[in-house]
Amino acid sequence: KNNAGDAPILLSIGHSLNAPGTLSPAEHPTRGEQTAWPQQWAISNDAVAVSLAAPGSLSSLFAGGSELWQQYGDELEPDVVTIWAASNDLARGRQLADIQNDWGAVVTRVRTLWPDATVYAMTEPPRGLSGAEESTRLAWNAWLSTLPYGIDRVVDADFLLRDPQQPDRLRSDVDADGIHFTARGHSLVAAQIPAPLHMR
């Protein structure tokens with residue numbers, strides 16, 4: 001096994017889908033941070049996962065000068081950075097171009113701080129939206145698939161977690177509250193992120 005100094009490091013940035021909680025904790029209890037997909041990934045890969053997840057956040061929180069960026073000081077050197085940050089923007093009806101601009105600013109900051117990190121993004125899974133908001137979600141996911149701003153890869157969490165019969169809903173076996181997902185859902189996401197090809 002790697003010692004702590006050699007373990008690959010993953011940094012997850014974004015909203016509550018990067019965290020363990022749900023709106024129905026009695027029905028779907030968690031094991032704390034161990035339930036969240038970044039920690040499941042770390043356990044599976046003899047690695048370390050750190051989080052800038054801010055439940056309820058918009059992408060603009062990370063695009064701006066949030067103090068969250070200073071949470072781990074200047075010594076953090078992640079091998080992998082994941083950006084999953086647009087779900088609340090979509091639910092609040094923000095315009096696609098505005099979300100794209102804020103999200104692009106996040107990628108630019110990540111590339112500036114950690115130019116050697118591999119950068120992943122995740123598509124946004126369904127959360128029972130309809131009308132313009134759901135149309136924007138689909139457009140957002142299609143845009144992400146073009147690897148905007150030079151990101152390295154997109155994990156299609158929408159495809160992974162949606163109900164094939166009702167694509168605006170989560171699969172019943174991973175649905176915790178219509179928005180967040182169960183430990184099984186987190187494990188499915190974690191499995192999509194390969195371990196870094198090099199060791200630190």
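Note that the coordinates shown come from a computational prediction; the quantities given were computed from them, not determined experimentally.
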Donor-acceptor under 3.5 Å (Trp114 side chain, Leu76 main chain) = yes
Please work out whether the ring planes of His186 and Phe181 are parallel, tilted or perpendicular, with thresholds of 30° and 60°.
-> tilted
For the pair Val80 and Tyr120, evaluate side chain to side chain contact (heavy atoms under 4.5 Å, CB included) and give the outcome as yes or no after the intermediate values.
-> CA-CA 8 Å; Val80 177; Tyr120 290 79; 3.6 Å; yes
Heavy-atom closest contact (Ile179 atom, Asp177 atom, distance) = N-OD1, 2.9 Å
Side chains of Trp37 and Pro20: does their closest heavy-atom pair fall under 4.5 Å?
-> no
Ignoring hydrogens and angles, tell me if any N or O in the side chain of Gln39 forms a donor-acceptor pair with the backbone of Ala49 under 3.5 Å.
-> yes
Going by atom types alone, do Glu124 and Trp84 pair a side-chain donor with an acceptor below 3.5 Å?
-> yes
Would you kindly say whether Asp156 and Thr123 are connected by a side-chain donor-acceptor distance under 3.5 Å?
-> yes
Same hydrophobic cluster for Ile43 and Leu11, using side-chain heavy-atom links shorter than 4.5 Å among ILVMFWY?
-> no
With a 4.5 Å heavy-atom cut-off, do Thr82 and Met122 have their side chains touching?
-> yes
Could you give me the CA-CA distance, side-chain angles and deciding distance for Asp168 and Arg162, then say whether salt bridge (Lys or Arg N to Asp or Glu O under 4.0 Å) is met?
-> CA-CA 7 Å; Asp168 61 341; Arg162 73 185 181 221; over 6 Å; no
Closest non-hydrogen atoms of Pro196 and Trp41, given as atom of the first, atom of the second and distance, are CD-CZ2, 3.8 Å
Main-chain N/O of Ser57 paired to Asn88 side chain as donor or acceptor, under 3.5 Å = yes
Does Ala183 offer a backbone N or O that forms a donor-acceptor pair with the side chain of Gln40 under 3.5 Å?
-> yes
Phe159 and Val189: same hydrophobic cluster, using ILVMFWY side-chain contacts below 4.5 Å?
-> no
Asp158: which of Arg137, Arg169, Arg171, Arg127 passes salt bridge (Lys or Arg N to Asp or Glu O under 4.0 Å) = Arg137
On a heavy-atom basis, the closest approach of Ser66 and Leu61 is CB-O, 3.1 Å
Do the non-hydrogen side-chain atoms of Arg109 and Phe62 ever get within less than 4.5 Å of each other?
-> no
Determine yes or no for a side-chain-to-main-chain donor-acceptor pair under 3.5 angstrom, with Asn18 supplying the side chain and Ala53 the backbone.
-> no
